S.K.: 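This is the structure, below, for whatever I ask next.
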Amino acid sequence: MSDERLYMGLDSSTQGLKATLVDTSLAVVCEDAINFDDALPEFGTEGGVHRHPDGLTVTSPPLMWVGALDILFSRMTAKHWPLDRVAAISGSGQQHGSVWWKAGARESLAGLRETKPMRELLADSFALGDSPVWMDSSTTRQCEALELALGGAQAVADLTGSRAYERFTGNQIAKIWQTQPDIYEATERIALVSSFVASLLAGDYAPIDHSDAAGMNLMDFRGRAWAPKALDATAPALEGKLGPLVAAHTTIGRIHTYYVRRFGFDATCRVIAFSGDNPNSLAGLRLAAPGDVAISMGTSDTLFASMRKPSPSGNEGHIFPNPVDPNAYMGMICRKNGSLTRETIRDRLAAGSWDRFNALLEQAPVGNSGCMGIYLDEPEITPPILKVGNYRYNASGVGVGDFEPGTEIRALLEGQFLSMRLHAGQVGIEPRRVIATGGASVNPAILQIVANVFGSDVYVTERADSASLGAACRALHGATCADQGRFVPFADIMEAATPFTKAAAAQSAHHATYTSMLARMDQAEKALAAG
Ligand code: ADP
Ligand code: XUL
């Protein structure tokens, strides 16, 4: 039996909880995942969330995330994962979601007893039973107020890295303070999903890391400190409820004895600060070279790249501190209508089969003979279009009611990635090489469209789960920094990682077809955004 040290990454995402265990050469030793809807049906979520009747509010119960951790760790011991060899754990959480710990929760965390599931021990620890998550778009009023208080959208972006966005945690906090002040008062600590899961492992409130904190509209993203002006414009006495900020490679504590006694972890196992799913994916995909761009197709579709000189925009896109390089940043755009919107059309036209979906796609030619579509099941983030609906345009740009199945599927996919290219360009991201990840990155037909729309070859990693893999790599990075008592460059850690595989090559004629469609997509989106 080897006694080599292992490193664990957890990813508490929108739809499920995943775990990846790697060795020091970053080879995956074990992995597992559970889906919230299937494993914890008693919480009544769909796609991991509760959608409220207003069409804007979207929440998830934090106790479900706790229950998922109970189940996943129990499965690890049942499958004999070598948990006693885990030297460090880090993790990833869907960004922006907040967890509202009630006064007294800190004692419950510290006093976790291994005789019971965590879910029972923490059942009474939340001031808010249903947490706002990133899909929520109900805080337009609070966003307007923040921009007014700070001197406009560009001023908010210059300070925090993004203009005010509905899902960003500060605006969600402002809404709770204004509409449910008793809940705000009863709250001792507001965590992000990432720092929340870290708290469960460390048995104490965990600090928020700089990268995920940049998704709150509350931090000075260059100074990496809470911005007093933004805090004051959000809610009273907020800093005390947010706690400290740390760099993502920081050791925040050792694993709580609960996990040692119940699941067999070693008592010296470090907990490294958790971060958001997109920052973790950036780490897992080791994006460092200029022009290396990741497209993550999970519940949301995101596009991001590492950057040295950030130029935050008052119109769109986000800048976060880079989670593995204290001197760098990451630029990102996020589309809400990603995998779930593809699933809606797959279920309607292809009886739930991705193979059938891909076969129908091939019935329509590249460029779709000029037909285009914008499909919004949810209010969109990029571009900001709050009115949901399916918008179809014929080759002359005239709106039409429906398309043949093949044309419909092609219009959906081409529209999603044309839009992504358009907005990536607007925040100064120009891909030379695309690395694809997330659930939909296993689909070769989707990857071919991505390659042709962007005119870049598309690469994939061995596994589509870059967030939990990235978290495992960050666990190794954080532990190495702590052991050596200095910041070790992340590239040194990642030297052992397997190279990417080319999965789709760009075809220049098709790329030209897509380039010629961009202006029409821009026009159509602007018309919808203007209402
Ligand atoms: P998240 O991390 O946001 O929970 P994942 O990265 O796990 O999401 O991606 C889940 C999504 O992957 C599902 O919603 C599903 O639509 C999509 N997916 C899985 N397999 C395929 C496929 N073959 N083609 C397209 N999409 C797929
Ligand atoms: C990013 C965003 C989503 C979530 C869930 O800003 O809102 O990508 O992180 O994946």
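All values below come from the heavy atoms of this structure, side chains included, with hydrogens, waters and symmetry mates left out. In each ligand, atom 1 is the first atom listed, and ligand 1 is the first ligand listed. The structure presented is a predicted model; accordingly, all values stated were derived computationally and were not measured.
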S.K.: Any salt bridge between Asp32 and Arg75, counting N to O under 4.0 Å?
M.R.: yes
S.K.: Identify whether the distance between the nearest side-chain nitrogen and carboxylate oxygen of Arg342 and Asp301 falls below 4.0 Å.
M.R.: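 Salt bridge present between Arg342 and Asp301.
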S.K.: Is the distance between the ring centroids of Trp101 and Phe196 less than 6.0 Å?
M.R.: yes
S.K.: Using a strict threshold of under 4.0 Å (side-chain N to carboxylate O), is an ion pair present between Arg119 and Asp70?
M.R.: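 Not counted as a salt bridge, because no side-chain N and carboxylate O are separated by less than 4.0 Å.
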S.K.: Among His96, Gln95, Gln94, which residue places a heavy atom closest to atom 6 (O) of ligand 2?
M.R.: His96
S.K.: Do any heavy atoms of Met135 fall under 4.0 Å from ligand 2?
M.R.: no
S.K.: Under 4.0 Å, heavy atoms only, figure out whether ligand 2 is touched by the backbone of Lys336, its side chain, both or neither.
M.R.: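 Under 4.0 Å from ligand 2, Lys336 contributes no heavy atoms.
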S.K.: Table please: side-chain donor-acceptor pairs of residues 354-368 below 3.5 Å, with sequence neighbours left out.
M.R.:
unit_1: Asn358; atom_1: OD1; unit_2: Asn443; atom_2: ND2; d: 3.1
unit_1: Asn358; atom_1: ND2; unit_2: Asn443; atom_2: OD1; d: 3.0
unit_1: Asn368; atom_1: ND2; unit_2: Thr407; atom_2: O; d: 3.0

S.K.: How far does CG of Leu412 sit from CD1 of Ile345, to the nearest 0.5 angstrom?
M.R.: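 Nearest 0.5 Å value for the CG-CD1 distance: 4.5 Å.
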S.K.: Mark yes when over 12 heavy atoms from residues, nucleotides or ligands other than Glu430 sit less than 6.0 Å from its CD; otherwise mark no.
M.R.: no
S.K.: Only heavy atoms of Trp134, strictly under 4.0 Å: list the atoms of ligand 2 that pass.
M.R.: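 So the atoms of ligand 2 that pass are 3 (C), 4 (C), 5 (C), 7 (O).
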S.K.: Which of the listed options, Val133, Asp277, Thr14, holds the heavy atom that is closest to atom 9 (O) of ligand 2?
M.R.: Asp277
S.K.: Which pairs count as salt bridge (charged side-chain N to carboxylate O under 4.0 Å, His left out) when at least one residue sits in residues 43-63, sequence neighbours excluded?
M.R.: Arg51-Glu378
S.K.: Using a 4.0 angstrom limit on heavy atoms, which residues are close to ligand 1?
M.R.: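 Under the 4.0 Å cut-off, ligand 1 touches Ser13, Thr14, Gln15, Lys18, Gly298, Thr299, Ser339, Glu343, Trp354, Gly438, Gly439, Ala440, Val442, Asn443, Ile446.
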S.K.: Test of understanding: with side-chain contact (heavy atoms from CB on, under 4.5 Å), list the residues that count as partners of Ala247, not counting sequence neighbours.
M.R.: His210, His249, Thr250
S.K.: Distance under 4.0 Å to a non-hydrogen atom of Arg167: what atoms of ligand 2 satisfy this?
M.R.: 1 (C), 2 (C), 6 (O), 7 (O)
S.K.: When you measure from atom 3 (C) of ligand 2 to each heavy atom in Ser162, Ala467, Ser300, which option holds the nearest one?
M.R.: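 Ranked by closest heavy atom to atom 3 (C) of ligand 2, first place is Ser300.
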S.K.: Decide whether the shortest distance between a heavy atom of Gly215 and an atom of ligand 2 is less than 4.0 Å.
M.R.: no
S.K.: Which residue and non-hydrogen atom of the protein lie closest to atom 2 (C) of ligand 2, and at what distance in Å?
M.R.: Cys334 SG, 3.5 Å
S.K.: Checking ring-ring contact (aromatic ring centres under 6.0 Å, His included) between His318 and each of Phe304, Trp134, Phe168, which is the one that passes?
M.R.: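 The residue from Phe304, Trp134, Phe168 that satisfies ring-ring contact (aromatic ring centres under 6.0 Å, His included) with His318 turns out to be Phe168.
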S.K.: Within less than 4.0 angstrom of ligand 2, does Asn278 place any heavy atom?
M.R.: yes
